[in-house]
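This report refers to the structure that appears directly beneath it.
We count residues from 1, following the sequence as given.
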Amino acid sequence: MDNIGLVRALHDLWNTGDLEMYDQICAPDFVAHWPASAVEPTRRGVEGVRFSVNRVRTAFPDWHESIVDIFGSGDRVASRYVSTGTHLGAFGPLQPTGKRVEIDEMSIFRCANGRIVEQWCLFDEVSRLRQLGVKE
């Protein structure tokens, strides 16, 4: 699988919640860097991915990431995507609202030896909170 294919596969892992795909996509020492406002800004390995995917998919069981743009150069791939989901489970202190969210996200990935080894992700947290009724 080429680097762009790896990133597409990681988006599919988020869409399905199928963590069995992890070993085929990410390196054992994978590191994800999230914004400083995140519950855990740095997430490592399969446990970090499991934490992230389970946390989001528990709160938004229909979570889906739709790729808008994806391109790569050398060992880097950039992806711009729109994530959607319906808030049906607890998300941190937020109890389910039943509201649907749509969040713009961008990530840059670094790949090596046929696996994703690092991700830097930015997303519109303020928009998500507003859509859930937390901020005006």
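Smallest separation of non-hydrogen atoms from A36 and P41: O-CG, 3.8 Å. Annotation for R115 and D23: closest pair NE-O, 3.0 Å, computed over non-hydrogen atoms. Minimum interatomic distance between S79 and H11 (heavy atoms only, all atoms of both residues): OG-NE2, 2.8 Å. Contact between C121 and P35 at its shortest, heavy atoms only, is O-CD, 3.3 Å. Between V39 and F51, the shortest heavy-atom distance links the atoms CG1-CZ, 4.2 Å. Summarising the geometry of L88 relative to G98, their closest heavy-atom pair is CD2-CA, 4.2 Å, with the distance given to 0.1 Å.
Taking 4.5 Å as the limit, every side-chain heavy atom of S66 sits out of range of all side-chain heavy atoms of T84. Residues F71 and V77 form no side-chain contact, since every pair of their non-hydrogen atoms from C-beta on lies 4.5 Å or further apart. Between T16 and M21 the shortest side-chain heavy-atom distance falls below 4.5 Å.
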Between D104 and F123, is a side-chain contact (heavy atoms from CB on, under 4.5 Å) present by the stated rule, with each step listed?
CA-CA 6 Å; D104 294 317; F123 54 91; over 6 Å; no

Residue pair V31, V117: steps toward the side-chain contact (heavy atoms from CB on, under 4.5 Å) verdict:
CA-CA 6 Å; V31 178; V117 295; over 6 Å; no

Criterion side-chain contact (heavy atoms from CB on, under 4.5 Å) on N15 and D12, from CA distance to verdict
CA-CA 5 Å; N15 290 341; D12 286 342; 4.0 Å; yes

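How far SG of C26 is from CG of L10: 5.0 Å, rounded to the nearest 0.5 Å. We find the CD-CG distance between E20 and L13 to be 10.0 Å, quoted to the nearest 0.5 Å. Residue F30 holds its CZ atom at 10.0 Å from CD1 of I25, rounded to the nearest 0.5 Å. Once rounded to the nearest 0.5 Å, the distance linking CD of E40 with CD of E47 reads 10.5 Å.
In this structure, D29 places its CG atom where more than 12 heavy-atom neighbours from other residues, nucleotides or ligands lie under 6.0 Å away.
Note on V56 and L94: same hydrophobic cluster, where clusters join Ile, Leu, Val, Met, Phe, Trp and Tyr whose side-chain heavy atoms are under 4.5 Å apart, directly or indirectly. Residues I116 and L19 share a hydrophobic cluster, clusters being chains of Ile/Leu/Val/Met/Phe/Trp/Tyr side chains in contact below 4.5 Å. Linking ILVMFWY residues whenever their side-chain heavy atoms come closer than 4.5 Å, directly or via other members, places I67 and I103 in the same cluster.
Counted by atom type alone, Q119 and H33 present zero donor-acceptor pairs between their side chains at under 3.5 Å. Side-chain contact of H64 with S83: a donor-acceptor pair under 3.5 Å is absent, judged by distance alone.
Between W63 and W14, the ring planes are tilted. Angles from 30° to 60° get that label. Using bins of under 30°, 30° to 60° and over 60° for the plane-to-plane angle, the ring pair H87/F91 lands in the perpendicular bin.
When atom types are taken as modelled, the side chain of R80 and the backbone of I70 share no donor-acceptor pair closer than 3.5 angstrom. In terms of modelled atom types and a separation under 3.5 Å, the side chain of T97 and the main chain of K99 share a donor-acceptor contact. In this structure a side-chain-to-backbone donor-acceptor pair under 3.5 Å is present from Q131 to E102. Formation of a donor-acceptor pair under 3.5 Å by the Y22 side chain with backbone atoms of V46 is found in this model. Checked by atom type and distance alone, the side chain of N3 never pairs as donor or acceptor with a backbone atom of R76 at under 3.5 Å.
Ion pair R57/D62 not flagged as a salt bridge, since none of the NZ, NE, NH1 or NH2 atoms sits closer than 4.0 Å to an Asp/Glu carboxylate oxygen. Ion pairing between a basic and an acidic side chain is recognised when a charged N comes within 4.0 Å of a carboxylate O; E125 and R128 show such pairing.
With S107 as the fixed residue, the side chain to side chain donor-acceptor pair (under 3.5 Å) test singles out one of W120, Y81, W34: Y81.
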